[in-house]
Amino acid sequence: MVRDLAVRYENFMALEGANLSAHFGEALGIVGPNGSGKSTLLKTIAGLLQPSAGSVCVLDKEPRELPPGTIAYVPQIEAVDWSFPATVWDVVAMGRFPRLGVFRRFGAEDRKAVRHALAQLRMEDLSDRHISALSGGQQQRAFVARAIAQGPRVLLLDEPTTGVDEQTEESLRRVVRELVAGGLPVLMATHDLERASDWFDRIVVIDRRVLAIGTPDEVLKSGAYAAIREHTHTHGHLRTDHESHAGHAAHPEITR
Amino acid sequence: MIEHLVAPFHYAFMQRAFLTAILVGVLCSTMGTYVILRRLAFIGDGIAHASFAGIVIAYLRGTNFYLGAGIVAVLTALGIGFVHRRGRISLDTTIGVLFTGAFALGIFLMSRQRSYSVDLQSFLFGDILSVSAQDVLMIVALALVVAIVTALLFRSLLYTSFDPVVAQASGMNAGAIEYVLLVLIALTIIISLQAVGIILVAALLVTPAAAAYQLTNRFAPMMALSALFGALCAVGGLYLSYYLASASGATIVLLATVLFFAAVGGKQARLAIARRT
């Protein structure tokens with residue numbers, strides 16, 4: 001899926017030599033400290049950034065060549081203007097727009113998809129509420145509901161659990177596992193390592209390059225996980241000392 | 001009362017003026033919804049001023065002003081989009097650079113003439129009473145183009161206004177949609193120039209939509225309310241200017257300003273009542 005990927009922002013190399021793949025019916029956690037390239041990786045897979053080297057292949061195509069609605073991307077919630085005149089229903093309904101194109105009407109099937117997405121996130125009671133009146137956790141759930149309403153074939157989540165309460169986190173985890181059980185590949189960036197094994201089938205540890213990839217247990221044993229955990233807990237971010245990670249980078253990719 | 005309402009319609013030029021006012025009011029305030037929500041308030045002012053260069057060039061060449069102003073306005077709109085995206089320069093800076101440059105070109109060309117007609121000045125302040133039958137046809141045709149494209153792209157414009165990044169990730173071409181919107185805004189401004197003039201057209205783009213934004217928290221009602229406010233201000237302003245013998249463009253914009261403050265007051269009153277209950 002991602003081969004020898006490098007992404008550069010002007011003079012800054014955000015990601016280099018990244019290789020990884022995700023499978024249908026799998027939740028892949030992307031773990032790393034702040035500035036490690038998690039969001040860059042997701043944005044590149046979503047087709048929002050162009051690789052400066054290497055390639056991204058989603059369902060045998062480059063992301064920008066995919067039919068509308070194929071990839072659903074859930075960014076961090078600060079990214080939009082929450083005073084925009086829209087209710088929860090309106091935002092979730094937007095998930096249907098890419099597939100409808102210019103001429104198709106928003107019909108019964110679309111309304112059903114929106115209701116279903118709201119129900120999965122247990123947000124039916126909030127559907128008429130203006131988005132500015134939602135808590136941070138509810139806003140995050142509305143974004144995830146919009147992604148589900150889209151009916152994507154790949155779901156990308158960028159740190160959806162940041163700043164949300166435990167109940168919302170558990171609700172999101174349950175939804176992700178349901179989607180994965182339904183066969184959807186889910187790639188999710190997170191710096192929360194505590195419950196990685198509850199969320200993900202595999203995790204990839206990155207710090208501008210892939211340090212390790214495998215099941216949570218395998219990555220835990222590789223040492224890369226421990227280094228991340230130590231640095232995220234004690235310093236807030238990991239040193240970008242790639243020399244010291246050479247051993248982890250050489251860790252063989254484990255695919256199922 | 002009825003007599004006063006009907007009296008202006010005895011004149012053909014007033015009939016054309018009312019038709020133009022309604023079209024301009026509805027169109028400006030509908031597009032104004034996107035202008036407000038995408039924080040493009042400065043762009044209306046910018047494109048309107050830039051179009052002055054096109055008006056002067058058309059005047060000097062003896063061609064239709066819609067053509068001259070239209071070409072310059074659309075090029076400026078596309079230029080703003082291009083420089084903003086490719087040059088990594090903030091939108092307000094881009095607009096500031098391009099519109100002043102184009103406006104200066106218009107003044108430069110005008111100043112090179114030994115004598116210039118006051119007709120050019122009428123574009124600065126607008127003169128809705130001078131709209132000819134041919135102008136009305138042109139305005140109707142352009143308004144139809146803007147309305148049809150806006151209706152077809154309604155969902156794309158809405159989604160990319162709220163969340164352009166996610167819309168792009170889900171397969172929409174947010175960049176192309178932004179360019180189309182800029183062209184639609186440019187055309188709307190060209191349609192409105194004769195009615196309210198370069199100086200005041202930005203107000204008609206922004207004020208009715210800003211008033212509507214005070215009164216609703218959903219997009220489609222905001223757009224409908226904005227169009228209604230735009231039409232009411234245009235028609236009401238024209239009536240007032242008829243009886244007060246005032247400049248039509250300025251009267252329309254003043255009425256819209258009053259409506260905006262009434263909407264702000266209405267919202268504050270509603271919030272105060274809600275707090276008490």
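Only this structure's heavy atoms are used, side chains among them; waters, hydrogens and symmetry mates stay out. Letters A, B, ... mirror the listed sequences (proteins, then strands); counts begin at 1.
- In the displayed structure, Arg153(A) atom CZ is contacted under 6.0 Å by at most 12 heavy atoms of other residues, nucleotides or ligands.
- Remark: Tyr73(A) OH to Ser170(B) OG distance equals 12.0 Å, nearest 0.5 Å.
- Put simply, CG on Asp163(B) and CG on Asp81(A) are 10.5 Å apart, with the number rounded to the nearest 0.5 Å.
- Across Ala169(B) and Leu48(A), no two heavy atoms sit closer than the pair N-CD2, 3.7 Å.
- Counting heavy atoms of neighbouring residues, nucleotides and ligands inside a 6.0 Å radius, atom CD of Glu65(A) exceeds 12 of them.
- Leu152(B) approaches Val102(A) most closely through the heavy-atom pair O-CG1, 3.4 Å.
- If you measure heavy-atom distances from Phe154(B) to chain A, you find no contacts under 4.5 Å at all.
- Using a 4.5 Å cut-off between heavy atoms, Ser161(B) touches chain A through backbone and side chain atoms alike.
- Only the side chain of Arg146(A) comes within contact range of chain B, with at least one heavy atom under 4.5 Å from a heavy atom of that chain.
- Using a 4.5 Å cut-off between heavy atoms, Ser83(A) contacts chain B through both its backbone and its side chain.
- Shown here is Arg39(B), whose CZ atom has no more than 12 heavy atoms of other residues, nucleotides or ligands within 6.0 Å.
- Atoms CG and CZ, on Asn217(B) and Arg129(A) in that order, are 12.0 Å from each other to the nearest 0.5 Å.
- Proximity to chain A (any heavy atom under 4.5 Å) is shown, for Ile36(B), by neither the backbone nor the side chain.
- Using a distance-only test at 3.5 Å, with no hydrogens or angles considered, no donor-acceptor pair links the side chain of Arg155(B) to the main chain of Met94(A).
- In the displayed structure, Asp165(A) atom CG is contacted under 6.0 Å by more than 12 heavy atoms of other residues, nucleotides or ligands.
- Between chain B and the residues Ala46(A), Ala147(A), Pro98(A), the most heavy-atom pairs under 4.5 angstrom are made by Pro98(A).
- Side-chain contact check for Thr216(B) versus Pro85(A): every heavy-atom pair is 4.5 Å or farther apart.
- No part of Ala72(A) comes within reach of chain B, as not one of its non-hydrogen atoms sits under 4.5 angstrom from that chain.
- Ring-plane geometry between Phe219(B) and Phe84(A) is classed as parallel, the angle between the planes falling under 30 degrees on a 0 to 90 degree scale with a further cut at 60.
- A distance of 11.5 Å separates CZ in Arg218(B) from CD1 in Ile131(A), rounded to the nearest 0.5 Å.
- For the atom pair CZ (Phe162(B)) and CH2 (Trp82(A)), the distance works out to 5.0 Å, reported to the nearest 0.5 Å.
- Neither the backbone nor the side chain of Val74(A) comes within contact range of chain B; no heavy atoms are under 4.5 Å apart.
- Between chain B and the residues Val91(A), Leu100(A), Leu66(A), Thr70(A), the most heavy-atom pairs under 4.5 angstrom are made by Leu100(A).
- In this structure, Phe106(A) places its CZ atom where more than 12 heavy-atom neighbours from other residues, nucleotides or ligands lie under 6.0 Å away.
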Give the intermediate values and the outcome of side chain to side chain contact (heavy atoms under 4.5 Å, CB included) for residues Phe143(A) and Val166(B). CA-CA 10 Å; Phe143(A) 267 9; Val166(B) 173; 5.7 Å; no

